Amino acid sequence: MDIIHSVADLRARLQGVPNNVFVPTMGNLHEGHIQLIDIAKPRAACTVVSIFVNRLQFGPQEDFDRYPRTFEADCRRLRKAGVDVVFAPDEKEIYPEPQTFVVEPSDLQHILDGAARPGHFRGVATVVLKLFNMVSPHSAIFGKKDYQQYIVLRDMVRQFALPIEIIPAETVRAPDGLALSSRNAYLSPKERREAPRLYKTLRQAHGEIIAGARDFQRIELHIMSELANHGWRPDYVAVRRQADLQAPTAADRDLVVLAAARIGKTRLIDNVEVFLER
Ligand code: PAF
């Protein structure tokens, strides 16, 4: 496994590689990331993973400095997973000068997670476009746990006609249903026992919609109060259509129920897709 820090070395290493598949990360890797690599490997002549904690996507209240940096452990995991290239640039390599040109991800950046985290998706889209230009991947894999991020990046690639296939990956869950996330490490043992309720309530909503419920606002309010009754502080619960994360019309068949809620100091997100019969 090659560990590369500069864009020049990265381009030299990847030159002529017929099919490189890219998994961008901010490190602090867990089983969910390894699943993305397992999806990448059979498709790739070369599997490339980036590790870069992107300041641009953190808000002023969010703790960029305290984000866990676990580079050595990450590299051990990646080597074991059979990754070919790790791209681990420092900030100067990605942002050698102030980033005055940015990618504005349309209205998508102001709703759901974007409403709670102003500038977040701009920061994500901007760094991912830069990483794409550095890695020149044939495909890139993004987990559906960060559903809105996946939609933003899918649409960015389509609208800028980037020659990259975006491959969504299913959310990896603990046996009790909790979606794997770096943030789970912040949960106390008591919070960890409570945390699977988020997925459980989303599954309930899924069941109700499949059974014919169409009063989405009632479903959203019901989940919010269920969470609040168990000590959560919900940010949003929303039934949306998968295509653009807007409110569904009666004709929409492919929906997604998304939620973000705080338990103690930790903010968790999750979602469940709903496919209605056509
Ligand atoms: O999902 C993440 O870890 C980050 O948002 C990403 C895509 C690596 C961009 O910094």
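Here, residue 1 is the first one in the sequence, and each next residue gets the next number. Just follow the structure's listing: the first ligand is 1, and inside any ligand the first atom is 1. Every value quoted in this text rests on a predicted model; they were computed, and no experiment measured them.
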key: Presence of salt bridge, Glu62 and Arg267, under 4.0 angstrom   = no
request  = Between Thr25 and ligand 1, find which residue part has any heavy-atom pair under 4.0 Å and reply side chain, backbone, both or neither.
outcome  = backbone
ask   = Are any non-hydrogen side-chain atoms of Phe142 and Pro24 less than 4.5 angstrom apart?
value = yes
remark   = Under 4.0 Å from one or more heavy atoms of Val127, ligand 1 contributes atoms 9 (C), 10 (O)
key: Heavy-atom check, side chain of Leu258 versus side chain of Ile269, under 4.5 Å   = no
query = Relative to the heavy atoms of Pro24, which atoms of ligand 1 are at a distance of less than 4.0 Å?
reply = 8 (C)
request  = Considering heavy atoms of the protein only, find what lies nearest to atom 9 (C) of ligand 1 and give residue, atom and distance to 0.1 Å.
outcome  = Gln57 OE1, 3.4 Å
message = Test of understanding: with side chain to side chain donor-acceptor pair (under 3.5 Å), list the residues that count as partners of Asn19, not counting sequence neighbours.
response = none
query = In the protein, which heavy atom is nearest to atom 1 (O) of ligand 1, and how far is it?
reply = Gln149 NE2, 2.8 Å
query = Does Asp38 come within less than 4.0 Å of Lys41, counting only side-chain N to carboxylate O?
reply = no
